[in-house]
Amino acid sequence: MPKAGIALLLPMLLAATGVAAQAAAGASPGGPAFRTDTIGGGTIIVARDTRTDLLIRKQADYNEKVNLTRKYSHGFRIQVLNTTDRSEAITTKTRLLQLFPQEKVYLLYQEPYFKVRLGNFRDREEADAGLQQLNKQFPGSFVIPSAIEPKPEWLKEATDNSPM
């Protein structure tokens, strides 16, 4: 939920619990959820429902999980084809998907070229090993530095090794 969504949600929560009505009536609610400030001769009572902290914490956890799954990092891919022929690029991509179902295949268009790339490799050695297998079927392929998507097992490693 974006920050604007939380800002809209907060007044609704306060109104639904009656906290806003108590504050508006001038009641002296006390407790940790209320705070009184005096600014420029006037008094402001800030009422906050304690459940908002729970909602904010849940949203932060959700955002962190989403960012982990979408995060890109530096790594390598193997460029298999660079052509202006779209059908050749699609054919090559299909063939790569059949030969290497465990790897992701990317079809990029950078005018006027279609580029077919394979894999998400964290280091150059891993990419070179993949290139040796690939060169048998697709001579002329080469390793390029690229932003890569993390594999699910890498995310599991990261969460298993994180301090709690």
Side-chain angles (χ1 to χ4, degrees), residues 1-80 86 89-90 93-94 96-111 114-130 143-164:
M1 179 180 295
K3 289 182 181 177
I6 292 174
L8 294 173
L9 184 60
L10 185 59
M12 290 188 290
L13 284 173
L14 294 174
T17 60
V19 174
Q22 285 180 342
S28 176
F34 293 92
R35 192 179 77 191
T36 304
D37 287 330
T38 305
I39 299 175
T43 300
I44 299 173
I45 299 175
V46 179
R48 185 182 78 206
D49 191 328
T50 54
R51 293 178 293 176
T52 57
D53 291 334
L54 178 63
L55 283 174
I56 291 169
R57 209 172 310 118
K58 280 185 176 182
Q59 186 62 45
D61 290 344
Y62 173 78
N63 288 345
E64 187 174 321
K65 287 178 186 174
V66 168
N67 287 338
L68 275 177
T69 59
R70 293 184 184 169
K71 196 174 281 184
Y72 287 86
S73 61
H74 297 289
F76 299 89
R77 289 194 178 142
I78 300 171
Q79 183 155 320
V80 178
R86 183 174 184 262
I90 292 172
K93 179 180 178 182
T94 303
L96 283 168
L97 287 168
Q98 292 169 348
L99 293 171
F100 302 97
Q102 73 280 6
E103 295 292 342
K104 284 195 79 172
V105 180
Y106 300 89
L107 176 60
L108 308 166
Y109 179 67
Q110 294 176 343
E111 193 175 347
F114 292 92
K115 298 178 181 195
V116 180
R117 295 181 179 164
L118 175 80
N120 291 301
F121 302 101
R122 285 194 275 191
D123 53 42
R124 181 70 188 227
E125 293 78 27
E126 190 180 349
D128 285 338
V143 175
I144 59 165
S146 181
I148 62 169
E149 300 173 33
K151 294 181 181 177
E153 56 268 17
W154 299 346
L155 294 175
K156 185 175 180 340
E157 288 173 19
T159 55
D160 289 345
N161 295 334
S162 66
M164 295 246 171

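This structure is a prediction, so every number in the text was calculated from the model and none was measured.
Between Lys104 and Asn120 the shortest side-chain heavy-atom distance falls below 4.5 Å. Contact check for Ile78 versus Arg117: no side-chain heavy atoms found under the 4.5 Å cut-off. Contact of the Glu103 side chain with the Phe121 side chain is registered, since non-hydrogen atoms from C-beta on lie closer than 4.5 Å.
Side chain to side chain, Glu149 and Tyr106 meet the donor-acceptor criterion of an N or O pair below 3.5 Å. Between the side chains of Lys115 and Gln110, at least one donor N or O lies within less than 3.5 Å of an accepting N or O.
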When you look at Arg124 and Asp128, which way does the salt bridge (charged side-chain N to carboxylate O under 4.0 Å, His left out) test go after all the steps? CA-CA 6 Å; Arg124 181 70 188 227; Asp128 285 338; 3.4 Å; yes

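For Val116 against Ala89, the heavy-atom pair with the smallest separation is CG2-O, 3.6 Å. In plain terms, the two heavy atoms of Ala127 and Phe76 that are nearest each other are CB-CB, 3.8 Å. Residues Ser146 and Arg77 share a closest heavy-atom pair of OG-NH1, 3.7 Å.
Phe114 CZ to Leu107 CG: the interatomic distance, rounded to the nearest 0.5 Å, is 7.0 Å.
A donor-acceptor contact shorter than 3.5 Å is absent between the side chain of Asp49 and the backbone of Thr52.
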